[in-house]
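Hydrogens, waters and symmetry mates play no part in the numbers below; they use all other heavy atoms, side chains included. On a predicted model such as this, the values are computed, not experimentally measured, just so you know.
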Amino acid sequence: MPTRVVTRTPDRRVPHERGLQTRQRLMEATIELLDARSYRDIKVVDIARKVGTSPATFYQYFPDVEDVVLEASRLLVDETKTALDGFKDGSWSSDGLPGATRLVDAVLDGWSGHLPVVRVLTAVAAEGEPRFYAAYIAATKPLSKALTAAAQTITPGRVRKEVVHSLVCGLTAAAGHENAGSVQGLTKRQRRQGLARVVHAAVTTAAA
């Protein structure tokens, strides 16, 4: 569940402590609903009912459901940066497949508490919605940097951006299956191992 972000209400007020708690509960309820149903099926009244409050109270803290998701994406960005801090210089790639495995685990473990948000950002950004596209880019930027730095570590020079882009897309798509016990007969560990092999192979040839 996300940690609290202190920010302003739609009318630019800074909520007091009780207000911050209500705001946090609204955000957590939204994410719980995202984990159980389609993003487009969630209404303000659903979120308010889950928290035990009214839609009017919701609108004191958020202008719409989209804004809750985008607010939650800020937490995703912060935790992605933290999770990948040790990978940003690209040195992990010198350890071959074990290094790629550590990266994949760091990414997916870091996203584990934000999977509903990752799925929504990925889907809605693909539709070209500007705010969600910007949030998706911000959330995946630390991963892009880690992959680019790794490729430059192995082969200094120009890195093919399409390779990095494809790896980012693959990892965000894979995140959507993280909570599934089995996908095509593969366990989560096996799926991660497959991703690590793809990352390792792609990074070592990204400048080719």
Can you name the nearest heavy-atom pair linking [X] to [Y], along with the distance?
X    : Y    : result
W111 : L171 : CZ3-O, 3.8 Å
L26  : Y61  : CD1-CD1, 3.9 Å
V118 : A175 : CG1-CB, 4.1 Å
V199 : A100 : CG1-CB, 4.1 Å
A149 : K88  : CB-O, 3.3 Å
L121 : A135 : CD2-CB, 3.8 Å

ILVMFWY cluster, [X] and [Y] together (side-chain gap under 4.5 Å):
X    : Y   : answer
I47  : L70 : yes
L115 : V77 : no
I137 : L76 : yes

Taking NZ, NE, NH1 and NH2 as the nitrogens, is one of them in [X] or [Y] under 4.0 Å from a carboxylate oxygen of the other?
X    : Y    : value
R131 : E66  : no
R191 : E178 : no
R189 : D105 : yes
E71  : R74  : yes
D46  : R49  : yes
K145 : D89  : no

As an exercise, state the distance from [atom1] of [X] to [atom2] of [Y], rounded to the nearest 0.5 Å.
X    : Y    : atom1 : atom2 : answer
M27  : F62  : CE    : CZ    : 4.5 Å
E28  : T30  : CD    : OG1   : 10.0 Å
K188 : S182 : NZ    : OG    : 13.0 Å
Q60  : S54  : CD    : OG    : 7.0 Å
R25  : E32  : CZ    : CD    : 11.5 Å
L33  : R37  : CG    : CZ    : 5.0 Å

* Asked: Going through the distances and angles, do T101 and R192 end up as a side-chain contact (heavy atoms from CB on, under 4.5 Å)?
  -> CA-CA 8 Å; T101 299; R192 287 192 178 194; over 6 Å; no
Checking [X] side chain against [Y] main chain: does a donor-acceptor pair fall under 3.5 Å?
X   : Y   : result
D95 : P98 : no
D78 : L75 : no
T57 : T53 : no

* Given side-chain contact (heavy atoms from CB on, under 4.5 Å), test V163 with L147 step by step and report yes or no. => CA-CA 9 Å; V163 173; L147 292 167; over 6 Å; no
Do [X] and [Y] have side chains that get closer than 4.5 Å, going by heavy atoms?
X    : Y    : answer
T80  : T140 : no
V168 : Y136 : yes
F58  : V68  : yes
Y59  : D64  : no

* Derivation of the side-chain contact (heavy atoms from CB on, under 4.5 Å) call for L143 and F87 -> CA-CA 9 Å; L143 174 57; F87 296 85; over 6 Å; no
* Exercise: do S94 and S91 side chains pair donor with acceptor under 3.5 Å -> no
* Taking atom CD of E127 as the centre, report whether more than 12 heavy atoms of other residues, nucleotides or ligands fall under 6.0 Å from it. => yes
* Asked: Passes side-chain contact (heavy atoms from CB on, under 4.5 Å), W92 versus V203? Steps please.
  -> CA-CA 11 Å; W92 55 271; V203 163; 4.1 Å; yes
